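First up is the structure itself, then whatever we jot down about it.
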Amino acid sequence: MSLREIVLYPDPVLRRPAREVERFDAELERLVEDLAETMYAAPGVGLAAPQIGVSLRAAVVDVGGAAGRPELHVLVNPRLVESEGRQREDEGCLSIPGLSERVDRPRRVVVEALDARGGALRIAGEGLLARAICHELDHLDGILFFERLTGLRKELTLRRLRKLPYLQQATA
Ligand code: NI
């Protein structure tokens, strides 16, 4: 297991819909473990495989972050099966450091997914967990959180995005 480098916007891998995982082998277990390590080190509450440059439908989420990882959720080939209510809270992304904005998400979701060994999982989440799950599912479809905004708030956020310090350095 090892820490991976987090890919930053505007890397094209972040905009590409990721492929279904087909092989449940040691390589996938390593990928999931690296995702978890990299998420905790960041620190963050979720990380998707495209964010470490791997275009596969795998992600991890942990909104608790406690020792022993009691709240670590592994999401391989996840599928949203229930969604209800609405919440609007601040959201950011490890791939877009320095940007955050309030994003509408469902208040409660249920996802079905597989673990790194192909075992079936069903995860129900509310509040921050629901938000984190939706954010990571979006990553697997190549969607970044600012694309969930509309109207003036989207325009203003895009303007802030273009002025982010790390992007200025990249083009200087
Ligand atoms: Ni993100």
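Just follow the structure's listing: the first ligand is 1, and inside any ligand the first atom is 1. Keep in mind the model is a prediction, meaning the values are calculated, not measured.
Two residues are said to be in side-chain contact when any heavy atoms from C-beta on lie closer than 4.5 Å; R162 and L167 fail this criterion. At least one side-chain heavy atom of L75 sits under 4.5 Å from a side-chain heavy atom of I123.
Around the Ni ion (ligand 1), the protein contributes the following N, O or S atoms at distances under 2.8 Å: C93 SG, H135 NE2, H139 NE2.
At a threshold of 4.0 Å, the pair R131-E89 does not count as salt-bridged, since none of the basic side-chain nitrogens sits closer than that to a carboxylate oxygen. Taking 4.0 Å as the cut-off between side-chain N and carboxylate O, R57 and D141 count as a salt-bridged pair. The pair R69-E33 meets the salt-bridge criterion, since a charged nitrogen lies less than 4.0 angstrom from a carboxylate oxygen.
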**OP:** Tell me, with the steps shown, if L72 and M39 meet side-chain contact (heavy atoms from CB on, under 4.5 Å).
**Re:** CA-CA 11 Å; L72 174 63; M39 171 184 72; 4.0 Å; yes
